[in-house]
Undergrad: 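Mind looking over this structure? Questions follow.
The sequence lines fix the lettering, A, B, ..., with proteins before strands; numbering per chain opens at 1.
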Number of protein chains: 2
Amino acid sequence: MTSAVPCYCATLRIAARKATAVYDEALAPAGIALAQFSLLRKIERAGREVSLSELGRLAALDRSTVGRNVKVMRRKGFIEVGSGDDRREATVRLAEGGRAALAAGAPLWRAAQARVEAKLGEGGAGQLRALLAAL
Amino acid sequence: MTSAVPCYCATLRIAARKATAVYDEALAPAGIALAQFSLLRKIERAGREVSLSELGRLAALDRSTVGRNVKVMRRKGFIEVGSGDDRREATVRLAEGGRAALAAGAPLWRAAQARVEAKLGEGGAGQLRALLAAL
DNA sequence: TCGACTTGCGGGTATATGCCCGCAATGACC
DNA sequence: GGTCATTGCGGGCATATACCCGCAAGTCGA
């Protein structure tokens, strides 16, 4: 008999998919989905040009994944790609479209964030952060 | 000033990716990754043939995603695809390869599960389940 | 200064994921 | 018994994600 032991990983993946759907829907009016919005925020927070590898570290994404995502965001006019002093590096910075998406998305993101926080209840939000940080 | 408010969604996605990497590595010797292992378990648990739509509901996946994943698992010999009474339905059941992968993966999965549980600490595991269920 | 690592990327390969459209099979309701 | 809405799929389209290989640029020690 296989007892019904839930797999942490499967549960996390489902939660991530559901949360993504919630944020994607909220951000839709801004013409951007969470994955890209999140990357734009990392770039914004950096406050300077960042290389693809740095962005990967910031977002905990594989470098090659960042490279592909960047290509899409570039095509959409969210970012511009240049090269740094180190000529191996490809650096990215926000473009007008990216700033606009961030501005339009900010309040929508906050709404989604609040909705999720409400579902988690008092203290739950903080607990979740602490638990996920432990991973 | 943009304060450093962590996005629940981004955090969840990172946690899911990291957990997936842990389980994938653990399951590697069994020749299967977590996403497919998880689906095989759903089919096993069902104890009967399930349609693609049912599997989608069980795994909280979009039906079209299930369709594609099933195609890959079929090619790998993990499952067999047939059709039910309702001739619209495509039903799946475990094949020999799937049973073997489940058997070989079971102890490896338990090890990964234990490792994650250890990181979450006493009670943390249960809390996480409760929180994710709230989503 | 020259070879040996190290680092940063692009591209190939394979999955995973969701939305939408259209088709076929069912079901429900006159 | 005919519509007509519902349900189940496949396939097209777009992203997201990771691993590996190979090339180019930078670093460092002898």
Undergrad: Remember a base hit wins even if backbone is also touched, and classify A:D62 as base, sugar-phosphate or nothing at under 4.0 Å, heavy atoms.
TA: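 Base, at least one base atom sits under 4.0 Å.
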
Undergrad: For D:dG8, does the base pair up with any side-chain atom of B:R87 as donor and acceptor (N or O, under 3.5 Å, distance only)?
TA: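 Donor-acceptor pair under 3.5 Å: no.
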
Undergrad: Does either side chain, that of B:E117 or that of A:Y8, offer a donor lying less than 3.5 Å from an acceptor on the other one?
TA: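 A:Y8 and B:E117 do have a side-chain donor-acceptor pair below 3.5 Å.
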
Undergrad: Nearest whole angstrom, please: distance from the C1' of C:dG18 to the CD of A:Q36.
TA: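 The distance from CD of A:Q36 to C1' of C:dG18 comes to 14 Å, rounded to the nearest Å.
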
Undergrad: Does D:dT17 have its OP1 or OP2 closer than 4.0 Å to a side-chain nitrogen or oxygen of B:R13?
TA: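 So the side chain of B:R13 is within the cut-off, an N or O lying under 4.0 Å from OP1 or OP2 of D:dT17.
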
Undergrad: So, OP1 or OP2 of C:dG10: does either fall under 4.0 Å of a side-chain N or O from A:K71?
TA: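 No.
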
Undergrad: If you find the nucleotide of DNA chain D closest to A:R75 and the one closest to B:A21, which residue's nucleotide is nearer the 5' end?
TA: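 Closest to the 5' end, via its nearest nucleotide, is A:R75.
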
Undergrad: Rounded to the nearest angstrom, tell me the gap between atom NZ in B:K18 and atom P in D:dT17.
TA: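 It works out to 14 Å between those atoms.
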
Undergrad: Under a 3.5 Å cutoff, is there a donor and acceptor pairing between the side chains of A:T11 and B:R129?
TA: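 Result is no, nothing qualifies.
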
Undergrad: Does B:S64 contact C:dC19 through a side-chain donor or acceptor facing the base, at a distance under 3.5 Å?
TA: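 By the distance-only test, yes, there is a pair.
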
Undergrad: Hey, does the side-chain of B:R88 have a donor or acceptor N/O within less than 3.5 Å of a partner on the base of C:dT26?
TA: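 No such pair is found, so the answer is no.
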
Undergrad: Within the structure shown, what part of the strands sits under 4.0 Å from A:S51 by heavy-atom distance: base, sugar-phosphate, or nothing?
TA: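 Contact class for A:S51: sugar-phosphate only.
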
Undergrad: Using residues 65-79 of chain B as the side-chain source, report each donor-acceptor pair under 3.5 Å to any protein atom, sequence neighbours left out, with the distance given to one decimal.
TA:
none

Undergrad: Is it true that B:R48 and B:E54 make a salt bridge, defined as a side-chain N closer than 4.0 Å to a carboxylate O?
TA: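 B:E54 and B:R48: salt-bridged.
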
Undergrad: What is the distance from CG of B:D85 to P of D:dT7, rounded to the nearest Å?
TA: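 For the pair B:D85 CG and D:dT7 P, the rounded distance is 19 Å.
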
Undergrad: Taking only the side-chain nitrogens and oxygens of A:T20, find out if one of them lies under 4.0 Å from OP1 or OP2 of C:dT17.
TA: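 For A:T20, the contact criterion (side-chain N or O under 4.0 Å from OP1 or OP2 of C:dT17) is not met.
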
Undergrad: Atom CZ of B:R17 and atom P of C:dT17: how far apart are they, to the nearest Å?
TA: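 About 13 Å, once rounded to whole Å.
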
Undergrad: Tell me the interatomic distance from A:E25, atom CD, to C:dC19, atom C1', rounded to whole angstroms.
TA: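 Value for this atom pair: 13 Å.
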
Undergrad: Ion pair present between A:R99 and A:E96, side-chain N to carboxylate O less than 4.0 angstrom?
TA: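 Yes.
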
Undergrad: Could you check whether the side chain of B:R68 and the base of C:dG18 have a donor-acceptor pair of N or O atoms closer than 3.5 Å, going by distance alone?
TA: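 For B:R68, whose side chain was compared with the base of C:dG18, there is a donor-acceptor pair (under 3.5 Å).
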
Undergrad: Does a side-chain N or O from A:T65 land closer than 4.0 Å to OP1 or OP2 of D:dA16, or not?
TA: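 For A:T65, the contact criterion (side-chain N or O under 4.0 Å from OP1 or OP2 of D:dA16) is not met.
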
Undergrad: Just how far, in rounded Å, is P of D:dA14 from CZ of A:F78?
TA: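 To the nearest whole Å, that distance equals 15 Å.
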
Undergrad: Taking only side-chain N and O atoms of B:K76, does any of them lie within less than 4.0 angstrom of OP1 or OP2 on C:dT15?
TA: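 For C:dT15, OP1 or OP2 has a side-chain N or O of B:K76 closer than 4.0 Å.
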
Undergrad: Report the distance from atom CE of B:M73 to atom C1' of C:dA16, rounded to the nearest whole Å.
TA: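 Checked: the CE to C1' distance equals 11 Å.
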
Undergrad: Which residue, A:R63 or B:A60, contacts DNA chain C at a nucleotide closer to its 5' end, judged by nearest heavy atom?
TA: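 Result: A:R63.
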
Undergrad: What is the distance, rounded to the nearest whole Å, between atom CG of A:N69 and atom C1' of C:dA16?
TA: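 Rounded to whole Å, this separation is 14 Å.
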
Undergrad: For residues A:S51 and A:E89, report the shortest heavy-atom separation together with the two atoms involved.
TA: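 Closest approach of A:S51 to A:E89, heavy atoms only: CB-CD, 4.0 Å.
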
